[in-house]
Amino acid sequence: MPDPQARVTIVMTARERHSLTLGAIQSIVANTRPPYRLVYADCNAPAWLRDALAANAPAWNVEVTRFDEPLWPQEVRARLADALETPYTVFIDNDVDVEAGWLDALVACADETGAGVVGPLYLLGDGVQPALIHMAGGRLVETPLSNGRVLDERHTLANSDPRDVTDLLRRERCDFVEYHCMLVRTDLLRAGILDPRIRCVHEHIDTSLSARKLGYATYCEP
């Protein structure tokens, strides 16, 4: 049973492969202070993964929601939205490792700023070489046209060594964050900010733009 004191539901979806799923779940369990609700969205997972999830779900306190059809992650998120009851939802990919205190920091940012969407500092690495920054929040350059607008996306501090830019790593408003790890106010999910028609590549940008239309900012909390 979900802990009634939990303020956050963590929803993990498969990104490009299944092989890192168990490690990603174990990272959350080891580095996240309860209470929280953890849901793994099993969408056509291979048999070995389903067996491992079934065997470890009680110990990890993870709920497995199964979909027996091919779905894009954004379609899965939209289908789960009505079943989410905590004030906040974190969507996270199944190839992510988190550090201790990650969830508390995201929630504190949302609580203190009123943000609708919050993302962390994203690092990219292989576990052998020092990780580099993938993105410290995203920026959009908007060019209006007669029949719409063109959006040019930019990743702040991309490919930087985090040790070299510590003075630049601070909580700040940005234009978008990514579904690698993204906290969203659950009320916004019920308001329909997840568009399942935008299935890949730019769904994270659409989510922040949709939140902005409703008056909610996006923040990066490194």
Side-chain angles (χ1 to χ4, degrees), residues 1-4 6-30 32 34-98 102-103 106 116-120 122 176-211:
M1 292 291 293
D3 190 323
R7 299 185 65 212
V8 182
T9 300
I10 303 168
V11 176
M12 181 179 288
T13 54
R15 184 165 179 262
E16 296 173 341
R17 52 188 167 174
H18 296 288
S19 59
L20 300 178
T21 300
L22 300 180
I25 294 174
Q26 288 174 303
S27 175
I28 290 174
V29 172
T32 310
Y36 59 88
R37 181 185 178 194
L38 177 57
V39 177
Y40 184 76
D42 170 3
C43 186
N44 284 344
W48 67 264
L49 179 54
R50 288 185 171 177
D51 291 344
L53 289 170
N56 291 283
W60 292 341
N61 197 26
V62 58
E63 305 169 39
V64 179
T65 300
R66 181 169 171 173
F67 297 91
D68 289 315
E69 57 185 303
L71 297 172
W72 292 90
Q74 189 74 335
E75 293 175 313
V76 172
R77 298 177 192 119
R79 290 196 185 190
L80 289 174
D82 289 341
L84 304 174
E85 299 177 349
T86 51
Y88 295 119
T89 298
V90 169
F91 295 112
I92 193 166
D93 286 339
N94 68 334
D95 58 358
V96 173
D97 287 334
V98 298
W102 71 283
L103 185 59
L106 296 181
V117 180
V118 182
Y122 305 102
F176 65 90
V177 293
E178 296 188 333
Y179 274 115
H180 303 304
C181 178
M182 176 195 292
L183 178 143
V184 184
R185 290 184 181 270
T186 304
D187 284 346
L188 294 180
L189 303 181
R190 300 194 187 99
I193 68 167
L194 301 184
D195 188 343
R197 296 172 301 174
I198 302 178
R199 295 174 174 175
C200 67
V201 182
H202 294 124
E203 69 267 38
H204 56 285
I205 294 176
D206 183 70
T207 296
S208 285
L209 289 175
S210 296

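These values consider heavy atoms only, across backbone and side chains, with no hydrogens, waters or symmetry-generated copies. Note that the structure is a prediction, hence the values are computed from the model and not measured.
The line from OG1 of Thr9 to CG of Leu183 is 10.5 Å long, rounded to the nearest 0.5 Å. Summarising the geometry, atom CE belonging to Met12 is positioned 5.5 Å from atom CD1 belonging to Ile92; distances are rounded to the nearest 0.5 Å. Rounded to the nearest 0.5 angstrom, Asp93 CG and Arg17 CZ are separated by 10.5 Å.
With hydrogens and angles ignored, the 3.5 Å screen pairs no side-chain donor or acceptor of Arg66 with any backbone N or O of Ala45. Checking side-chain atoms of Thr186 against main-chain N and O of Thr86 turns up a donor-acceptor pair under 3.5 Å. A donor-acceptor pair under 3.5 Å links the side-chain atoms of Tyr122 to the main chain of Glu178, judged by distance alone. Thr89 places no side-chain N or O within 3.5 Å of a backbone atom of Val184 that could act as its donor or acceptor partner. Under a 3.5 Å cut-off, the side chain of Asp195 and the backbone N or O of Glu203 do not form any donor-acceptor pair. Under a 3.5 Å cut-off, the side chain of Asp206 and the backbone N or O of Leu194 do not form any donor-acceptor pair.
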Subject >> Steps toward side chain to side chain contact (heavy atoms under 4.5 Å, CB included) verdict (Val118, Val177) >> reply: CA-CA 7 Å; Val118 182; Val177 293; over 6 Å; no

Subject >> CA sep, side-chain torsions, deciding dist, call: Leu71, Arg79, side chain to side chain contact (heavy atoms under 4.5 Å, CB included) >> reply: CA-CA 10 Å; Leu71 297 172; Arg79 290 196 185 190; 3.6 Å; yes

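In this structure, Tyr88 and Leu103 have side chains that are not in contact, with every pair of non-hydrogen atoms separated by 4.5 Å or more. Contact of the Leu20 side chain with the Val96 side chain is not registered, since no non-hydrogen atoms from C-beta on lie closer than 4.5 Å. Contact of the Leu38 side chain with the Asn61 side chain is not registered, since no non-hydrogen atoms from C-beta on lie closer than 4.5 Å. You'll find the side chain of Ile28 stays beyond 4.5 Å of the side chain of Trp60, heavy atoms only. Taking the side chain as every heavy atom from C-beta outward, Phe91 and Pro73 never approach each other to under 4.5 Å. At a threshold of 4.5 Å between non-hydrogen side-chain atoms, the residues Glu75 and Phe67 do not count as touching.
Minimum interatomic distance between Ala211 and Leu188 (heavy atoms only, all atoms of both residues): CB-CD1, 4.1 Å.
Salt-bridge annotation for Arg185 and Asp187: absent, with no side-chain N of the basic residue lying under 4.0 Å from a carboxylate O of the acidic one.
More than 12 heavy atoms of other residues, nucleotides or ligands sit less than 6.0 Å from atom CD of Gln26.
For the 3.5 Å distance criterion, the side chains of Thr13 and Tyr179 fail to qualify, holding no donor opposite an acceptor.
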